[in-house]
Amino acid sequence: MPDRLVLLGSKGGPALRPGGPWPSSSLLEIGGRCIIVDCGLGVTRGVVDAGISLKALDLIFITHLHSDHVLELGPLLHTAWTAGLAAPVAVFGPPGTGHYWRRFCQAMEFDIEIRIVDEGRPDIRELVSISEFGEGEVVEQRGLKVMALRVDHPPVTDCFALRFDHGGKSVVFSADTAFFPPLAEFTAGADILVHEAMLEEGIERLVAKTGNGARLREHLLASHSFAEEAGRIARDGGAKRLVLNHLIPADDPGIGEADWIAAVRKTWAGDLTIARDGLVVELA
Ligand SMILES: [Zn+2]
Ligand SMILES: [Zn+2]
């Protein structure tokens with residue numbers, strides 16, 4: 001199995017619009033491990049469409065508890081369970097992830113109990129382990145090392161960029177963050193930097209379109225990065241490829257790939273991918 005990154009859901013924010021992309025989730029296959037990063041709505045469908053058996057779920061990482069990153073964690077695990085998951089799955093997330101999972105299992109208690117009795121399934125609450133992490137080393141296991149860096153995503157304080165290293169290959173996910181220079185050092189020569197991005201002219205169109213425009217603009221500017229800023233992190237960190245992801249806006253017919261490229265080329269001359277749902281990036 002060649003190492004690859006699959007961008008399952010590429011839009012920023014939780015709203016869905018006809019014909020538009022889906023919220024944040026990614027699949028990283030590295031060193032024989034099957035890793036999910038973030039579980040926005042659509043992650044289950046995305047994993048299956050990427051040709052991965054839900055029974056093969058292995059490691060799941062959540063960058064922060066905004067719904068566009070965690071809403072479908074429970075449904076993904078539950079669906080994998082009904083698909084025949086028999087091996088343990090390890091979930092790593094910020095503080096509060098365990099609370100989400102316990103309450104999800106409570107909400108689904110009727111179904112879980114009845115399937116254990118009626119279908120003889122193992123108890124999903126024993127199959128899934130949740131580890132809450134902070135900044136620093138998250139896990140080191142069978143040659144895979146995962147590090148976390150707290151980023152700047154107010155008012156959320158527990159939001160973490162993640163770095164995956166295996167066999168000399170490395171992939172970094174920025175998570176949601178305003179321009180955050182320490183990310184460059186964290187990126188240090190990574191094969192792929194997946195960085196969130198927004199487009200200035202698109203923000204004004206988005207703000208004009210939505211109800212609470214002024215508040216939305218304030219949140220976006222304080223908590224997210226422009227494409228040019230993502231390019232600076234990639235350049236300063238010496239990334240081998242920049243993937244612009246968690247795009248805001250993602251479903252404006254007046255904004256196309258050429259606009260994203262034009263913005264990021266002001267600061268980044270290297271290999272570039274603009275994310276879209278289902279896009280595969282090979283890890284050379
Ligand atoms: Zn987000
Ligand atoms: Zn967020």
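Sequence positions, counted from 1, serve as the residue numbers for this chain. Everything numeric in this text was worked out from a predicted model, so none of it was measured. Ligands are counted one by one from 1 in listed order, and the atoms in each one are counted from 1 as well. Side chains are part of it too, since the values below use all heavy atoms of this structure and drop only hydrogens, waters and symmetry mates.
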Exercise. Should the pair Asp158-Arg150 be classified as a salt bridge under the 4.0 Å nitrogen-to-oxygen rule?
Worked result: yes
For this session: Indicate whether the side chain of Thr63 and that of Asp38 have a donor and an acceptor atom separated by less than 3.5 Å.
Result: yes
Exercise. Can you tell me if His153 has an N, O or S atom under 2.8 Å away from the Zn ion (ligand 2)?
Worked result: yes
Problem set entry | Salt-bridge contact Glu282-Lys169 (side-chain N to carboxylate O under 4.0 Å) | no
For this session: Please list, in chain and residue-number order, the protein N/O/S atoms closer than 2.8 Å to the Zn ion (ligand 1).
Result: Asp68 OD2, His69 NE2, Asp176 OD2, His246 NE2
Exercise. Can you check whether Phe61 and Phe133 have ring centres sitting under 6.0 Å from each other?
Worked result: no
Problem set entry | Carboxylate-amine/guanidinium contact Lys145 Glu140, below 4.0 Å | no
Problem set entry | Residue from His153, His66, His195 passing ring-ring contact (aromatic ring centres under 6.0 Å, His included) with His224 | His153
